[in-house]
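Along the sequence shown, residues are numbered consecutively beginning with 1.
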Amino acid sequence: MQGEPEQFGALKKEFRDRAKLTVDALAGRVGISDRYVYRIENGGQVPSFDIMCKIVQTLSIPGDLVFYPKEKVTSDLDVEEVIHMLYRCDDRSLKIVKAVLRAILGDE
């Protein structure tokens, strides 16, 4: 990961808050202890690559923000987060999302 461990910890906390997950809930989904989550968020602990990948996937953190934090300045994290979530949808879910977006945008 490029950048400092503190940057990943802060980024992870921001996305954990957006996902409305507690430390315990995230720890359970990733398969680590809540103490380990706290150590990552507080900037001292650098997770293994496998754990980092699980956290990134669980919280839908765009990979560019993790691996190229200084090279890419994102103006709209919400859009990137939605795009990342779309890639995780199955065909049925994508059809539903497209129908909802068409209704919202008036593109029926």
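- Between K13 and D17 there is a salt bridge, since a side-chain N of the basic residue sits under 4.0 Å from a carboxylate O of the acidic one.
- The side chain to side chain donor-acceptor pair (under 3.5 Å) contacts involving residues 23-33 comprise nothing, where partners must be two or more places apart or lie in separate chains.
- F15 places a side-chain heavy atom less than 4.5 Å from the side chain of P62.
- Placement of V82 and I96 in two distinct hydrophobic clusters is found when ILVMFWY residues are connected by side-chain heavy-atom separations under 4.5 Å, directly or transitively.
- Note on V97: it does not cluster hydrophobically with I104, by side-chain heavy-atom contacts below 4.5 Å among ILVMFWY residues.
- The side-chain heavy atoms of R16 and E41, taken from C-beta on, include a pair separated by under 4.5 Å.
- The list of salt bridge (Lys or Arg N to Asp or Glu O under 4.0 Å) pairs with a residue in residues 83-93, not counting sequence neighbours, is empty.
- L94 and M85 fall within a single hydrophobic cluster, where Ile, Leu, Val, Met, Phe, Trp and Tyr are joined by side-chain heavy atoms under 4.5 Å apart, directly or via other members.
- Nearest heavy atom pair, residue Y36 against residue S48, reads OH-N, 3.8 Å.
- To the nearest 0.5 Å, the span separating CE on M52 from CD on Q57 amounts to 12.0 Å.
- Using a 4.5 Å heavy-atom cutoff, the side chains of I32 and K54 are not in contact.
- Side chains of L26 and D34 form no contact here, defined as non-hydrogen atoms less than 4.5 Å apart.
- Seen from the ring of Y38, R35 does not count as a face-on cation partner, given the 6.0 Å and 45° thresholds.
- Annotation: side chain of I40 is in contact with side chain of I55 (closest heavy-atom distance under 4.5 Å).
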| said: Is there a side-chain contact (heavy atoms from CB on, under 4.5 Å) between V37 and K12? Walk through the geometry before answering. | reply: CA-CA 9 Å; V37 173; K12 187 194 75 54; 3.5 Å; yes
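- Interatomic distance, OG of S60 versus CD1 of I83, reported as 12.0 Å (0.5 Å rounding).
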